[in-house]
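Atoms within each ligand, like the ligands themselves, are counted from 1 in listed order.
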Amino acid sequence: MALRTVDTLDLAGKRVFLRVDLNVPLDADGRVKDDARIRAALPTIKYAVGARAKVILASHLGRPKGKPGDRSRLTLQPAAARLSELLDRDVVLADDCVGEGVKKLVGEIGDGQVLLLENLRFHPEEEANDQAFARELAGLCDVWVNDAFDGVHRAHASTAGMAAYVKERAAGFLVLKEVEYLGRALDAPTRPFVAVLGGARASDKVRLFGALLSRADAILVGGATAYTFLRAQGVAIGRSLVEEDRLELARQILERARGQGVELLLPCDHVCGTQPRDPTTRKVVNGSAIPEGLMGLDIGPRTLGAFRQRILDAGTVFWNGPVGLFEQRPFAEGTLGVARAMAESPAVTVVGGGDSAAAVEEAGLLSRIRHVSTGEGASLEFVEGRDLPGVKACEE
Ligand code: ADP
Ligand code: MG
């Protein structure tokens with residue numbers, strides 16, 4: 001089913017509830033440490049302002065637990081200030097997201113003006129998708145627009161529940177862009193379609209492997225995930241992270257790949273250490289087997305070369321999960337190398353996952369990747385082929 005998008009609606013003079021993701025990291029002084037999420041929300045906000053809507057923005061921030069300090073620690077005040085700078089216009093922050101005071105403020109918004117509701121999660125009803133709360137939010141507006149991609153996999157009151165109680169619903173431009181890129185990569189990829197999967201746990205990626213096995217031409221496996229596969233093949237992996245209870249599953253994935261003609265490429269050399277916290281023990285190990293006492297902490301140079309070639313030759317690349325312990329400089333080469341290969345590749349390149357996106361940013365390559373998803377859980381659930389309630393609610 002097709003998404004209804006915000007630009008197909010007439011917003012002039014209407015109260016538009018725009019669910020955005022302003023869940024930004026804050027520093028110790030409560031200032032916005034990284035405004036990427038606010039900037040990602042700007043196109044739809046600016047569009048609504050330009051269309052002379054009465055713009056009601058709403059977001060969550062962090063995980064308030066109803067503790068006394070939560071309200072001051074997790075207020076959207078810093079996000080409101082940064083948003084106001086970026087928009088170069090006033091952003092009024094309400095002191096709550098429901099209640100009489102909020103209704104009054106909503107009644108006072110002029111066309112093209114912006115009101116930001118306070119952190120939705122100050123009310124546990126938000127995550128519980130409480131229907132009375134959803135109805136109350138819906139009562140504030142004429143139109144509901146969902147542009148918080150990182151929340152589309154959750155059926156919360158503001159991300160899905162309230163859609164049932166509003167007259168008009170649509171997706172914002174960020175949600176549209178995410179769905180288009182992730183959807184195109186999966187459903188109509190330019191071939192060869194190469195997936196790079198890494199990360200700490202193979203068990204996180206089981207469904208991802210399942211979905212990619214029926215679509216990709218090659219899957220390049222790195223990170224700790226790779227050791228579970230190597231171990232399943234009877235290869236020695238020393239003290240590397242492994243999930244002993246997933247060996248059978250890894251064997252099944254290897255079997256399926258063979259049966260379906262998908263190349264599943266595992267590391268043929270490694271960068272090892274004796275322990276992750278001590279980078280001085282860095283040692284390159286040739287061959288797929290890892291000696292006793294060593295831990296595989298990054299893919300080796302030959303493996304990187306092989307990954308790189310396939311990425312450069314690809315028509316589409318999807319990457320999730322760092323291929324090493326990239327937070328430690330001596331074990332970051334493989335991950336940075338994958339990021340560079342993606343930047344140089346003519347392929348449609350798509351990155352999903354928080355740590356992988358952080359690695360791309362650290363390499364200074366954000367602008368050279370076609371699409372870096374703003375969603376962590378959401379992008380993976382999308383690729384896994386799960387239903388996304390926040391997207392479904394925007395379908396016509
Ligand atoms: P993403 O957030 O991109 O989905 P994951 O959360 O699945 O990625 O995995 C990221 C984590 O995996 C990182 O913290 C990284 O250090 C860790 N990791 C990758 N390779 C290894 C390894 N060989 N040993 C230990 N940890 C690893
Ligand atoms: Mg992660």
With heavy atoms of [X] as the reference, note each atom of ligand 1 found under 4.0 Å away.
X: L241; result: 25 (C)
X: G321; result: 3 (O), 8 (O)
X: Y227; result: 23 (N)
X: S356; result: 1 (P), 3 (O)

Regarding [X] and [Y], do their side chains bring together a donor and an acceptor under 3.5 Å, going by distance alone?
X: S214; Y: Q260; result: no
X: S158; Y: R19; result: yes
X: Y227; Y: E243; result: no
X: D269; Y: T303; result: yes

Next on the checklist: Does R184 qualify as a cation-pi partner of Y181, given the criterion of NZ or CZ under 6.0 Å from the six-membered ring centre and within 45 degrees of its axis?
Outcome noted: yes

Nearest protein heavy atom with distance in Å, relative to [atom]:
atom: atom 23 (N) of ligand 1; result: G296 O, 3.1 Å
atom: atom 26 (N) of ligand 1; result: L325 CD1, 3.7 Å
atom: atom 21 (C) of ligand 1; result: A224 N, 3.5 Å

Report the member of [options] with the shortest heavy-atom distance to [atom].
atom: atom 18 (N) of ligand 1; options: G324, A202, P276, A359; answer: G324
atom: atom 5 (P) of ligand 1; options: D355, V360, L208; answer: D355
atom: atom 8 (O) of ligand 1; options: P322, G353, G334; answer: P322
atom: atom 7 (O) of ligand 1; options: E376, E327, K205; answer: K205

Is [X] salt-bridged to [Y], cutoff N-O under 4.0 Å?
X: R231; Y: E244; value: yes
X: K54; Y: D111; value: yes
X: R121; Y: E126; value: no
X: D70; Y: R73; value: yes

Next on the checklist: What protein N/O/S atoms are there under 2.8 Å from the Mg ion (ligand 2), waters excluded?
Outcome noted: D355 OD2

Item to check | Qualifying ring-ring contact (aromatic ring centres under 6.0 Å, His included) pairs, either residue in residues 35-93, two or more places apart | outcome: Y47-F173

Taking a cutoff of less than 4.0 Å between a non-hydrogen atom of the residue and any ligand atom, is [X] in contact with ligand 1?
X: N320; result: yes
X: F331; result: no
X: Q328; result: no

Next on the checklist: Just checking H371 against F318, ring centres under 6.0 Å apart?
Outcome noted: no

Checklist entry - Are F229 and F209 an aromatic pair by the rule of ring centers under 6.0 Å? => result yes

